[in-house]
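Bear in mind that the values here come from a model prediction, so they are computed numbers and not experimental data.
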Amino acid sequence: MLRTATAAALRAAPRRAASTVAAEAVAAAPAAAAPSTVSRTALADIPARWTAMAQPERSAVVESLLAAQKGDWKALSADQKKALYYIAYGPHGPREKLPKGFQIRVFAATMGVVAASAGLFWWIRTLGGQGVPTTTKEWQEASNEYAKGMNGNPYTGVASDNYKGSGHVAQA
């Protein structure tokens, strides 16, 4: 009995210590990450000014807003809410609208690459000369005879008793 109670107490001790440390860290976090206040003029009309803002100023605004939204959302001003929404979902960065005619340029470039690869393929084929000797009809008929002699696929193939197909001869 004593052994079970001691083991249970030892297992619970690290959990209590870890939860105490975690609680202290959470309590100290708001004090350590005191939100830097951004003026109302910096938040006013963020959609119009966002692309013209310098990167350090953008970072300061984002940090301030992220710290402010960790608190009570009812305490946020309308400008802060609008700025948070624009930063999260606004048409900037990867969500920016594409320039006019962008899709047509992409389509034309893709078709150009396809046409160039088809031309290159045709040019290489014209330089290639004769085909491989195994593609001649005589070779393919000899392959049929060899398969019959070696009893290749005796159930459904060339070597079967009632086979009616062309075997290895290509239909060209």
Inset, instruction - Calculate, to the nearest 0.5 Å, the distance between atoms OG and CD belonging to Ser143 and Glu138 respectively. - result: 11.5 Å

Legend entry - Interatomic distance, Thr110 atom OG1 to Arg105 atom CZ [nearest 0.5 angstrom]: 12.5 Å

Inset, instruction - Could you tell me the separation between the CD1 atom of Ile87 and the CD atom of Gln80, rounded to the nearest 0.5 Å? - result: 10.5 Å

Inset, instruction - Using the rule that two of Ile, Leu, Val, Met, Phe, Trp, Tyr join whenever any of their side-chain heavy atoms come within less than 4.5 Å, decide whether Leu127 and Leu120 are in one cluster. - result: yes

Legend entry - More than 12 heavy atoms from other groups under 6.0 Å of CE on Met53: yes

Legend entry - Point-to-point distance, once rounded to the nearest 0.5 Å, from CG of Leu65 to NZ of Lys70: 12.0 Å

Legend entry - Nearest heavy atoms of Leu43 and Ala83, plus distance in Å: CD2-CB, 4.0 Å

Legend entry - Any donor-acceptor N/O pair, Asn144 side chain to Ser166 backbone, under 3.5 Å: yes

Inset, instruction - Following the transitive rule for hydrophobic clusters with a side-chain heavy-atom cut-off under 4.5 Å over Ile, Leu, Val, Met, Phe, Trp and Tyr, establish whether Phe121 and Val114 coincide in one cluster. - result: no

Inset, instruction - Give the minimum heavy-atom separation between Val169 and Gln140, together with the two atoms involved. - result: CA-OE1, 3.3 Å

Legend entry - Connected via hydrophobic side-chain network under 4.5 Å: Tyr85 and Ile46: no

Legend entry - Glu57 CD to Arg49 CZ distance, which is reported to the nearest 0.5 Å: 6.0 Å

Legend entry - Distance-minimising heavy-atom pair for Leu98 and Gln103: CD1-NE2, 3.9 Å

Legend entry - Aromatic plane relationship, Trp50 with Tyr86 - under 30° parallel, 30 to 60° tilted, over 60° perpendicular: perpendicular

Inset, instruction - Mark yes when over 12 heavy atoms from residues, nucleotides or ligands other than Arg125 sit less than 6.0 Å from its CZ; otherwise mark no. - result: no

Inset, instruction - State, to 0.1 Å, how close Ala159 and Ala147 come at their nearest heavy-atom pair, and which atoms those are. - result: CB-O, 4.1 Å

Inset, instruction - Run the ring-centre check on Tyr146 versus His168 and record whether the distance is less than 6.0 Å. - result: no

Legend entry - Contact check, side chains of Leu76 and Leu84, non-hydrogen atoms, under 4.5 Å: yes

Legend entry - More than 12 heavy atoms of other groups within 6.0 Å of Ile104 CD1: no

Inset, instruction - Hey, could you give me the OH/CG distance between Tyr155 and Asn153, rounded to the nearest 0.5 Å? - result: 9.5 Å

Legend entry - Linked, directly or transitively: Tyr163 and Met150 (ILVMFWY side chains, under 4.5 Å): no

Inset, instruction - Determine whether Trp139 and Thr135 make a side-chain contact, defined as any pair of heavy atoms from C-beta on separated by less than 4.5 Å. - result: no

